[in-house]
Amino acid sequence: MGVTRDTGNGTHRGWGRWMRGPRAAVTLGTAWGQLWGHSSAVPTAGTPGLLRCCRPAAPGDTLAVLGTGDCDVPSPGDRDVPCQPSPALSPVQVLPRALHVPSAARQLHTSPVCLKARAARVRAGKGDKLVTYEQAHAPHHIGHRKGWLSLHTGNLCGEAGAAPRALEDAFLRRFLAGTFPGLLLDEAVLKRRGNLLVLCALLARALPPHKLYFLQGYAETLLGHFYKCPVRLELQTLPARLPYKFI
Amino acid sequence: MAARRVGAGCWQRALWLGRRCRLSGGRNSYRSSSSSPALGKTVDNPQVTQEEIVLPRRKTWDKLAVLQTLASTVNRDPTAAHYMFQDDPFLMPRNAAHARLYSLSKESGRNAAKYIIKNFPQYFDKTFAEPNVPCLMPQTLSPQTEGVSEEALRERVHLRMVKEAVDMFDQLLQAGTPVSLETTNSLLDLLCFYGDGEPTPEKEQEEKEDLEEPGVDASEQKAPKRQFRRGSQSGPRWRENNHAERIFKIMPERNAHSYCSMIRGMVKHGAYSKAYDMYIDLLNERHKADVHTFNALIRAVPYLKDKFVERWELAKDFLTHMAQQKVQPTLLTFNSVLKSLRRCGGVGRTMSLFVLKEMEALDIEPSLASYDHVLSVYYRGVEAQSSDIISEVLNEVEKRSFTAQDPDDANFFNTAMQVCCDLKDIKLAYQLNRALEKGDNWKFLDVDRSNGYWSKFFSLLCMMEQIEVVLKWYKEMSPSLFYPSPKNILDLLQALDAANQLEVIPSVWEDVKQLGFSRRQDLLEEFLSLMSREQHPSEVQLAFAKCAEEIQAAHEPAGPGQVPLEWTGSALGHVVVLFSRAGRTQDAWNMMEHFQKINRIPTDQVMEEFLNCAKQTKCPDEAIKMVKLAASLGLPLSQRLKSRTEEEFELSETQKKALESIKWDGDSSDSDSSDSDSDSSDSDRE
């Protein structure tokens, strides 16, 4: 049972010699870039050092130099939708293709830089920042001092469905954050038992109980219809966030 | 097991430890469980000899302890709320009103989600589950066929779209297309079922499914729905010349089905005399009515005639017609008869037994609704019935497990428990509980009804049973099975009073605070009067004083949004007495000063108690202040108080002088007041 935690640093070891600096996640023009890059709440994000070119090299094209996270370079014949809005194109890129300028040939979509050494770690402050147990421990403590936040069998040997589970997890966390705005005191734990999806959330007591029950009934029904499986929401309330230490 | 691998060496060491502990005063008693003694003795540091090692006492378990513990986990948990609530101290409901509110909020959350799914089906209609789960797909409630045709009309009827169906029908007629009889009949059924109103999107969940019998349907307003249900009729009323009647009139041909639908719709929505006229029309047309129509007509009987005998005669007429038309009566027919007999007074009592015998003859098993009607017929009103029907009914009900066949089945248990309470018979109540536990019978009590049922049972217990039994039931039943109502708390206090166990009152007060009844005047009065009636041993008295303090806090102006309660004279007096008995003189004096604010006079007992308290705590100042107060109020007791103060207290010179001056003021004020009275009366005369 494990979460989709990236253990390796990408498969292209050959690039390692070139890429000592901060790496960008370079993927195809899909939404994955956003997922990996932005959600700091997902402690499982290591650095997905996936460096892939999007389209096979056309004859005559030279390989673009992969620098420090170039923005995506849309070419006129491109069918893929870039995941990020392209900033102002450099003059090189607006030149017609006949010129075969190197940097205009490839389309690379990159996310912002996400260092694996900075993932899911709360940086030390002046001593007044309240930090819960979950936040205080870094990802390498998962399995030792921390449990997993999402429990499913997709990562076991021979089991399928790890990626869809990860996608569902991301959606469920955002959904819970939006349905209980400002009330979630800590990360929700998602448990899958067979077909059943159990969301265990820790809430503050800012809303009166009947409103919390309303939101619970709403979330359970909506998510059940959305994912076509029974969804149960287990709520626990606390007066405030539980501090583990102050850093 | 690990125990077997423990060698002899460990055993010797354990014995040595045991001997050492015996020397140092520890106690040894052998467990009779099967685990080895070596495992139990884990004293970490036997080398520490300087301090005395105080070992905890070894527990003795009897042979069945493990089994008993396991068994206690299988039954209902007496501390948990209903399964539908979250197990969290903030989210657990504290009383019956909260329980209802939370369950309804959850349901309305579900309805909100269903609204969103209905209005945005495009986000929910991907079928990626294998196999597909149809109940989690959005329902297509919009009609597919366009245009004006009979197909379209049938589809709208199927989708329960009343207004659109009527419009479609009118369009078809205007276009001249003939509409077939079945389609018109189905349209008529729809209109009669919904009484010409729209079906509301949310159905009331508390009623069970409707069978063919049109039971309680969703009405338009939601807030008065509860009164509607408790009242005699529910749903929209039958309007004059509404769509159903209009369509019925313009139908070129009508068959028995049309008449029957109209009759059933009219009875359901309260147009009883019209239903009867329609039935006469049906007979004139020589059609045959079906069993559901007859059921509806029999239910309408109490509204058609006024005299008891006439009602029974009319019901018998309907039954004879049924026999003539060779319509087989069902359980629901007999239940309708019994329901009408409820409103037939004495006639009902004699006839209901005949009805039961008839059911037996036709081999129809009575359902709980039949028994409910029979009980209501016999035990109606406040006059004590000397009949034994209830025990016979309970004997019958206890034998088997019932299924839901009639919407009125759900009322049986509450009615029966009410009868047991009226008859003050606890054995019958226990028998009823046993009937409730049999098979599926517990399903007839939903959360609301079960609260009322157990509430009545608890009141009966308080009246009839010993206090230990009452307290045992109380601990087991609340708050998991029911939430005590204020009446239950009053009954419990009375029972405690009768059994002379008033020291339990502080724990009952804690429960009352948790239930949220701590601001009810009647409960507060009862608590205070019981606590302050007699003298109690000192710890009890201290606990009472704490309760009194909390009650007093409720009367103070608290933070924003809290209206302070009004003091009454007796409550104030009780609080003073309780404070005095606990030796809290200052608090008692603060309370005494409230008397003037509310224009009340403290009773003699109150002032005597206060003086006792002042004497015990040696506060002569307070005593003098009290005498002053009494004198200013002009009480006859003030003399006695003054003399008591002089005798019992050790007063300093200043205090003695103050006391003397009071007397003087009191006298002079009396004479002054009398002079002024006479003056004023003289002035009046002049």
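Every chain is numbered from 1 and lettered A, B, ... according to where its sequence line falls, protein lines coming before strand lines.
In this structure, Leu172(A) CG and Leu176(A) CG are separated by 6.5 Å, a value rounded to the nearest 0.5 Å. To the nearest 0.5 Å, atoms CZ (Phe180(A)) and CG (Leu203(A)) are separated by 5.5 Å. A distance of 4.0 Å separates OH of Tyr474(B) from CD1 of Ile489(B), quoted to the nearest 0.5 Å. Remark: Asn451(B) CG to Phe482(B) CZ distance equals 7.5 Å, nearest 0.5 Å. In this structure, OG on Ser478(B) lies 12.5 Å from CH2 on Trp454(B), to the nearest 0.5 angstrom.
Contacts of Phe128(B) with chain A are made by side-chain atoms alone, with heavy-atom separations under 4.5 Å and no backbone atom involved. Both the backbone and the side chain of Leu91(B) come within less than 4.5 Å of a heavy atom in chain A. For Leu215(A), no part lies under 4.5 angstrom from a heavy atom of chain B. Only the backbone of Leu233(A) comes within less than 4.5 Å of a heavy atom of chain B; no side-chain atom from C-beta onward does.
Residues Pro93(B) and Tyr483(B) have side chains in contact (heavy-atom distance under 4.5 Å, counting atoms from C-beta outward). Leu212(A) has its side chain within reach of Leu183(A): a pair of non-hydrogen atoms, C-beta onward, lies under 4.5 Å apart.
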Verify ring-ring contact (aromatic ring centres under 6.0 Å, His included) between Phe226(A) and Phe175(A), making sure each step is shown before the conclusion. CA-CA 12 Å; Phe226(A) 192 63; Phe175(A) 182 85; 8.1 Å; no
Present all donor-acceptor pairs from chain B to chain A with distances below 3.5 Å, rounded to 0.1 Å.
unit_1	atom_1	unit_2	atom_2	d
Gln86(B)	N	Tyr213(A)	OH	3.0
Gln86(B)	OE1	Leu235(A)	N	2.9
Gln86(B)	NE2	Gln216(A)	OE1	3.4
Gln86(B)	NE2	Leu233(A)	O	3.2
Asp88(B)	OD1	Thr237(A)	N	3.1
Asp88(B)	OD1	Thr237(A)	OG1	3.3
Asp88(B)	OD2	Thr237(A)	OG1	2.3
Leu91(B)	O	Tyr213(A)	OH	2.6
Phe124(B)	O	Lys228(A)	NZ	2.8
Leu136(B)	O	His225(A)	ND1	3.2
Leu136(B)	O	Lys228(A)	NZ	3.3

